[in-house]
Amino acid sequence: MSEATEQIFALVDVNNMYVSCERSFNPKLRKVPVCVLSNNDGCAVSRSNEVKALGVKMGTPWFQMKDLARQHGIIGLSSNYALYGDMSQRIMTILAEYSPNLEIYSIDEAFISCRGLGGLWTSTTAMGQHIRANILRCTTMPVCVGAGQTKTLAKLANFMAKKAPLFEGVCDLTTMSSARMEWFFTRIPVDEIWGVGRRISTKLNAMGIDTVQRLKDASPSAIRSHFGVVMERTCYELQGVSCLAMEEVPPARKEIVSSRSFGELTRSVDELSEAVTMYVARASEKLRRQHSVCSAIHVFVQTNPFRTQDPQYSGGKTIPFTDPTDDTRVLTGAAIQGLAGIYREGFQYKKAGVMLLGLIPNSIKQASLFDTEATRQSSAAIMSTLDKVNQRYGRDALRLGSAGIAQRWSMKSTNRSPRYTTRWEELPTVTAN
DNA sequence: TCTGGGGTCCTAGGACCC
DNA sequence: TCTGGGGTCCTAGGACCC
């Protein structure tokens, strides 16, 4: 493979992101066991190394670890997402200086494409160490860097960088000897691989595939027959065949959810309404920020499933819009009306939320043929004509474009419960042959 | 007593049409 | 009218991620 075409991915990941943020603003928290808790101080969502060493798993309810916390002086902090988001931005800004090809994967992770950076650094490891030192100096946040020929390998390398001190926070698989790599891969459990969760690892284990090396050595087609195309890709990626590309422009969301559990149970429809109103405000703000409109809103409520002694209820309703909208008032009205339909007396509610469904980019809606019922029908007529022509003269004999954009729209309600999917295709401009 | 929130993608199988 | 096969679309639900 020529150097020009060989791709190297680097994954930069903040260590214990939320805990590190808290520590960066309160140095007294360094060296003591800390965890950051979810909404209502429910579960541990970020743990310091000391807490991890005590065996506390991700998502452990705080009340279950109270004894342990007392024994070892674990500090539990309420989460502060504004702070974490801000810190994330600062880190991503620094990372953007290293490569024009940056994919922000989550609040605490980013992929960097090292294509074309070969001349700038003596090695990928050197670049990784520079990134580490730079971010630590500017933000006090510790990060680890992993590099590999594929995203899955870069993730794995990052895991190794975090676990094995000898890497000093940076692990580059692209320059590691295959013997050494195999030494590591036979010692890493298969469930550490990106895309292998609890269910799949159980099934893999039963098949005798318990380590990274075993999955790497497996036949991708056999893996596909048992687990589907996603696992097949993972298998290829472990072998160094890149199946997952960089996504530098984050795709617009296809749905937006806003929901919360309540600190205290409630029976009151007024309280539920108040909560739902807030959720709609939050969700529709996100909707407008990504310049989309939505074609349906779903509102749901539920009781506390953990209180098995209580009567349980979970209800939801989807309200469609003839004219897709981003208007908070319209959305709120629909949600409150939906809520009235699903609210039942005699239950203690623990959670409520809304989902915005069938999201369409504004540009598409404006350029589209279905702003009104009439144009929507004519759109359908055009499409059916096209289908007939194409059927007679062969597939793709004719395509339609309207200002470069036409789309088939599927927002269909069936006799069963309607489901709103976002599916629009851009067709190229008219070509006849 | 106390148990998070926000997403995506894939597949099996039914409905429907020709 | 009956029968069958193939293609496509759709939904529900599973699995995963951070």
Side-chain angles (χ1 to χ4, degrees), chain A residues 11 13-14 16-18 35-46 57-67 69 76 78-79 81 84-85 88 104-110 151-152 155 158 191-204 224-234 243-244 247 250-265 279 282-283 286 290 300 302-310 318 348 350-357 359 384 387-388 391 395 408-423 425:
Chain A
L11 177 70
D13 188 316
V14 180
N16 315 328
M17 170 81 175
Y18 299 167
C35 60
V36 172
L37 305 171
S38 62
N39 179 35
N40 299 322
D41 295 342
C43 305
V45 289
S46 179
K57 300 278 176 247
M58 175 73 172
T60 304
W62 177 239
F63 76 89
Q64 276 178 16
M65 49 187 281
K66 275 280 173 62
D67 284 344
S78 299
S79 43
Y81 288 97
Y84 312 148
S88 174
I104 298 173
Y105 179 69
S106 74
I107 192 164
D108 70 335
E109 277 173 83
K151 282 182 160 183
T152 304
K155 274 275 213 183
N158 192 285
D191 59 357
E192 297 296 348
I193 297 169
W194 194 30
V196 178
R198 205 167 44 87
R199 299 303 265 270
I200 288 177
S201 70
T202 307
K203 215 171 139 187
L204 281 170
R224 179 183 189 142
S225 71
H226 284 101
F227 301 94
V229 63
V230 179
M231 257 307 111
E232 183 191 28
R233 278 201 282 262
T234 300
C243 306
L244 305 170
E247 282 184 32
R253 296 264 165 260
K254 296 175 173 178
E255 54 185 64
I256 294 171
V257 180
S258 178
S259 75
R260 288 283 182 285
S261 321
F262 307 134
E264 284 173 24
L265 300 172
Y279 303 150
R282 208 159 23 212
K286 280 194 195 174
Q290 72 163 32
F300 63 92
Q302 65 187 57
T303 51
N304 186 348
F306 293 103
R307 288 181 60 92
T308 45
Q309 68 274 29
D310 286 356
T318 305
Q348 303 198 72
K350 173 65 177 172
K351 186 175 180 177
V354 299
M355 304 171 69
L356 307 186
L357 306 170
L359 271 42
S384 98
D387 284 349
K388 280 183 186 145
Q391 232 164 49
R395 217 159 269 282
R408 223 187 284 241
W409 160 270
S410 103
M411 192 195 82
K412 196 170 166 183
S413 57
T414 63
N415 44 3
R416 284 191 297 279
S417 65
R419 183 175 159 113
Y420 294 86
T421 57
T422 299
R423 189 172 301 187
E425 311 165 10

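Letters A, B, ... mirror the listed sequences (proteins, then strands); counts begin at 1.
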Any base atoms under 4.0 Å from [X], or only sugar-phosphate, or nothing? Heavy atoms, all strands.
X: Asn304(A); value: sugar-phosphate
X: Asn40(A); value: nothing
X: Lys203(A); value: nothing
X: Arg307(A); value: sugar-phosphate
X: Leu356(A); value: nothing
X: Ser79(A); value: nothing

Exercise for the section: Using the six-membered ring of Phe262(A), assess whether NZ or CZ of Lys351(A) lies under 6.0 Å from its centre and within 45 degrees of the ring axis. Expected result: no
Look at the side-chain N and O atoms of [X] and state whether any lies under 4.0 Å from the OP1 or OP2 oxygen of [N].
X: Ser259(A); N: dG6(B); answer: yes
X: Lys351(A); N: dG5(B); answer: yes
X: Lys254(A); N: dC9(B); answer: yes
X: Ser261(A); N: dG5(B); answer: yes

Look at the side chain of [X] and decide which nucleotide, out of [options], has an atom nearest to it.
X: Val229(A); options: dT3(B), dG4(B), dT11(B); answer: dT11(B)
X: Val257(A); options: dT3(B), dG6(B), dG4(B); answer: dG6(B)
X: Arg233(A); options: dC17(C), dT8(B), dC9(B); answer: dC9(B)
X: Phe63(A); options: dG4(B), dG6(B), dT3(B); answer: dT3(B)
X: Ser38(A); options: dG4(B), dC17(C), dG6(B); answer: dG4(B)
X: Arg260(A); options: dG4(B), dG5(B), dC18(C); answer: dG5(B)
X: Cys43(A); options: dT3(B), dC18(C), dC9(B); answer: dT3(B)
X: Lys286(A); options: dC10(B), dG6(B), dT8(B); answer: dG6(B)

Rounded to whole angstroms, how far apart are [atom1] on [X] and [atom2] on [N]?
X: Lys151(A); N: dC16(C); atom1: NZ; atom2: P; value: 19 Å
X: Met231(A); N: dT8(B); atom1: CE; atom2: C1'; value: 14 Å
X: Glu192(A); N: dC17(C); atom1: CD; atom2: P; value: 10 Å
X: Gln302(A); N: dG4(B); atom1: CD; atom2: P; value: 10 Å
X: Ile200(A); N: dC9(B); atom1: CD1; atom2: C1'; value: 12 Å
X: Lys57(A); N: dT3(B); atom1: NZ; atom2: P; value: 22 Å
X: Phe227(A); N: dA12(B); atom1: CZ; atom2: P; value: 14 Å
X: Arg199(A); N: dT11(B); atom1: CZ; atom2: P; value: 17 Å

Exercise for the section: Counting Watson-Crick and G-U wobble pairs only, both distances under 3.5 Å, name the nucleotide matched with dC18(B), or none. Expected result: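 dG5(C) is the nucleotide pairing with dC18(B).
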Is there side-chain contact between [X] and [Y], with at least one heavy-atom pair below 4.5 Å?
X: Lys350(A); Y: Glu264(A); answer: no
X: Arg260(A); Y: Asn40(A); answer: no
X: Cys35(A); Y: Met65(A); answer: yes

Practice task
Return the orientation label for the Tyr18(A) and Tyr81(A) ring planes: parallel under 30°, perpendicular over 60°, tilted otherwise.
Solution key: perpendicular
Exercise for the section: Under the side-chain hydrogen bond (donor to acceptor under 3.5 Å, both in side chains) rule, what do Ser46(A) and Asn16(A) come out as? Steps first, then yes or no, please. Expected result: CA-CA 6 Å; Ser46(A) 179; Asn16(A) 315 328; 5.7 Å; no
Problem - Over all atoms of both residues, closest heavy-atom pair of Ala110(A) and Ile104(A) - result: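 Shortest heavy-atom contact: CB-CA, 4.2 Å.
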Problem - Comparing Arg282(A) and Leu265(A) on DNA chain B - which has the more 5′ nearest nucleotide - result: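 Looking at the nearest nucleotide for each, Leu265(A) comes out on the 5' side.
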Exercise for the section: Between Val45(A) and Ile256(A), just flag the one whose closest nucleotide in DNA chain B comes earlier from the 5' side. Expected result: Val45(A)
Problem - Nearest-Å distance once atom P is located in both dC18(C) and dT3(B) - result: 25 Å
